[in-house]
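Sequence lines set the chain letters: A, B, ... in the order given, protein chains first and strands last, and positions in each chain run from 1.
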There are 2 protein chains.
Amino acid sequence: MHQLKQHIEKITPISDKEFEYILSHFTSKKLRKHQYVIQEGELVTHDHFVLKGCLKAYHLAKDGKEHILQFAMEDWWVTDYQAYFKQSKATIHIDCIEDCELLTLSLHNREKLCSEMHKIEHFFRKKSNAGYVALQQRILSLLNSSAKEKYEQLLKLYPQLFQRVPKQLLAAYLGVSRETLSRLNASNK
Amino acid sequence: MHQLKQHIEKITPISDKEFEYILSHFTSKKLRKHQYVIQEGELVTHDHFVLKGCLKAYHLAKDGKEHILQFAMEDWWVTDYQAYFKQSKATIHIDCIEDCELLTLSLHNREKLCSEMHKIEHFFRKKSNAGYVALQQRILSLLNSSAKEKYEQLLKLYPQLFQRVPKQLLAAYLGVSRETLSRLNASNK
DNA sequence: AGTTTTATGTGATGTAGATCACATATTATT
DNA sequence: AATAATATGTGATCTACATCACATAAAACT
């Protein structure tokens, strides 16, 4: 079965006909490692469903430091949502950290599908709710915890990241310096 | 016009009949300052729309420190969403920091309205999207910034808070000690 | 296979902000 | 109005983590 169909059916059943129709609103995109999906300042027109690969969404601070907002792997969605929903210019960057296969969905097509198919509006509401909850948890983790605790929480939540993503990027996600993270690794064994 | 109707119509128009039907799914609740809406460990059954007043949603760390996830004022929604969507036990507290008037909505009624009225599902999707974007911005602010910058960003975004909420609570929201915040105030003038 | 690039480890030193301690306002409560 | 409770201010000290500097190791490219 198609990966996206499977993904949608975790929330709502859809027929093959319906899925075919839905899929026709996406376009596919292949990118190599180090290529970008979104760059700061560019108009954000599409949301991206990850079929394969891994990406990072990050903000570049004036001092050149990268602050990672989100990683995205198989079955995740990623874009600059602020810019996407407002159809305005990106304030973040999104880069491939592995070769990637994406399905892209324009805001127009998203809204079209949502208004034509109540099921799809339901699907996106549920996804958005889940995302909201996950971000709240992350905020609590950022407020609460020492570098060590944050790191442990991240590894517990997304053990796959540890394998796939350079540790300096995990540090940039946690808001900790790569040196501190390295020392945590040393002491944790 | 009813405050909730006005609120919904910022996203989608509804007739008086429709609104009457929607409203019949809410119940109203009045609470005094210092009373609680949700306590850690209790089952979370309802979402809350604030008609009047101000609340804080916070996590209590083991060391007794309060980490504020969210404030809620007029026209905001607040609950422990993680627990609410899973119909499970709260991991956070929500208290009134002023006398409050709330409209409460059970998950059952929320889902009922969403499935009966496509418009309402649309409304909640849009609200959730906006919330997601706001949380992303907050995460970037937490990752990026010094205590001073975070404080300035907060005051720019929600100047009302400065008037209504004790500064030690703003500190707990920013993840900064109240002493540090006080020193920022002193130097900023 | 060799060379460049990128990632990681580890010591020495610096610093923003926490914590502690207590004084002073401000706000509730009787 | 008096008293209690809560909020804020401010100095002195401490500490987790950042930053800098350089060594080592692992990928990536030719």
Side-chain angles (χ1 to χ4, degrees), chain A residues 31-36 53-56 58 60-68 71 95-100 141-155 161-189, chain B residues 31-36 53-54 56 58 61-68 71 95-100 141-155 161-189:
Chain A
L31 290 165
R32 307 277 309 286
K33 185 170 174 172
H34 293 131
Q35 292 185 306
Y36 74 88
C54 189
L55 306 94
K56 61 175 176 181
Y58 61 100
L60 266 187
K62 291 136 273 168
D63 61 4
K65 262 196 288 186
E66 229 176 80
H67 297 282
I68 296 186
F71 292 108
D95 295 355
C96 300
I97 57 181
E98 297 175 3
D99 294 353
C100 285
S141 176
L142 286 171
L143 289 178
N144 238 328
S145 324
S146 67
K148 184 171 179 176
E149 290 169 323
K150 281 187 258 183
Y151 188 42
E152 283 163 1
Q153 286 166 30
L154 179 64
L155 290 188
L161 284 179
F162 191 78
Q163 324 293 336
R164 284 174 84 164
V165 173
K167 301 216 184 84
Q168 57 180 327
L169 295 185
L170 298 185
Y173 179 89
L174 295 172
V176 159
S177 74
R178 55 165 209 83
E179 291 94 335
T180 294
L181 202 80
S182 165
R183 281 182 252 263
L184 288 178
N185 263 322
S187 68
N188 270 352
K189 292 175 185 173
Chain B
L31 289 165
R32 305 279 309 284
K33 185 170 175 173
H34 295 130
Q35 292 186 306
Y36 74 89
C54 188
K56 60 176 177 181
Y58 61 100
K62 290 137 274 169
D63 60 4
K65 261 196 286 185
E66 230 177 77
H67 298 280
I68 296 186
F71 293 107
D95 294 355
C96 301
I97 57 183
E98 297 175 1
D99 294 352
C100 285
S141 174
L142 286 171
L143 289 177
N144 239 327
S145 323
S146 67
K148 184 172 182 176
E149 289 169 323
K150 282 187 258 182
Y151 188 41
E152 282 163 0
Q153 286 165 30
L154 179 65
L155 289 189
L161 283 180
F162 191 78
Q163 324 294 338
R164 283 175 84 163
V165 173
K167 302 216 184 84
Q168 57 180 327
L169 295 185
L170 298 184
Y173 180 90
L174 295 172
V176 160
S177 73
R178 56 164 207 84
E179 291 93 336
T180 295
L181 202 82
S182 164
R183 282 183 253 265
L184 288 178
N185 263 322
S187 69
N188 268 352
K189 295 179 183 173

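Closest to the A:T180 side chain, of the nucleotides C:dA18, D:dA18, D:dG9, is D:dA18. Checked against D:dT8, C:dT19, C:dA12, the side chain of A:R183 finds its nearest nucleotide in C:dA12. Out of D:dG9, C:dT19, D:dC17, the shortest distance to the side chain of B:K65 is found at C:dT19. Out of C:dT8, D:dT10, D:dA18, the shortest distance to the side chain of A:Q168 is found at C:dT8.
Put simply, CG on A:D63 is 12 Å from C1' on D:dA18, counting in whole angstrom units. If you take CG of A:L170 and P of C:dT8, they are 8 Å apart, rounded to a whole angstrom. Between the P atom of C:dT15 and the NZ atom of B:K148 lies a distance of 18 Å, rounded to the nearest Å. If you measure from atom CD1 of A:I97 to atom P of D:dA28, you get 12 Å, rounded to the nearest angstrom. If you measure from atom NZ of B:K56 to atom C1' of D:dA7, you get 12 Å, rounded to the nearest angstrom. Between B:N185 atom CG and D:dT8 atom P the separation is 9 Å, expressed in whole Å. In this structure, A:Q163 atom CD and D:dA27 atom P are separated by 13 Å, rounded to whole Å. Here the P atom of nucleotide C:dT19 and the CG atom of B:L181 are 14 Å apart, to the nearest Å.
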Base versus backbone protein contacts along nucleotides 23-30 of chain C [heavy-atom cut-off under 4.0 Å; B, S, -]: -----S--
Check against side chain to side chain contact (heavy atoms under 4.5 Å, CB included), B:Y173 and B:L154: CA-CA 9 Å; B:Y173 180 90; B:L154 179 65; 3.5 Å; yes
Indicate every side-chain donor-acceptor pair of residues 161-170 of chain B with a distance under 3.5 Å to a residue at least two apart or in another chain.
from   : atom 1 : to    : atom 2 : distance (Å)
B:R164 : NE     : B:E98 : OE2    : 2.9
B:R164 : NH1    : B:E74 : OE1    : 2.8
B:R164 : NH2    : B:G53 : O      : 3.2
B:R164 : NH2    : B:E74 : OE1    : 3.4
B:R164 : NH2    : B:E74 : OE2    : 3.2
B:R164 : NH2    : B:E98 : OE1    : 2.8

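Residue B:S141 is tested with B:E152, B:Q153, B:E149 for a side-chain hydrogen bond (donor to acceptor under 3.5 Å, both in side chains); the sole match is B:Q153. Considering B:L184, B:T180, B:L181 in turn, B:L181 is the only one that fulfils the side chain to side chain contact (heavy atoms under 4.5 Å, CB included) rule with B:L174.
A:D95 places no side-chain N or O within donor-acceptor distance of the main-chain N or O of A:Y36, the cut-off being under 3.5 Å.
Residues forming a salt bridge (charged side-chain N to carboxylate O under 4.0 Å, His left out) with B:E66 (at least two apart in sequence, or on another chain): B:K56.
Contact annotation: side chain of A:E179 to base of D:dC17, donor-acceptor pair absent below 3.5 Å.
A salt bridge is absent between A:K33 and A:D99; no separation between the charged side-chain nitrogens and carboxylate oxygens falls under 4.0 Å.
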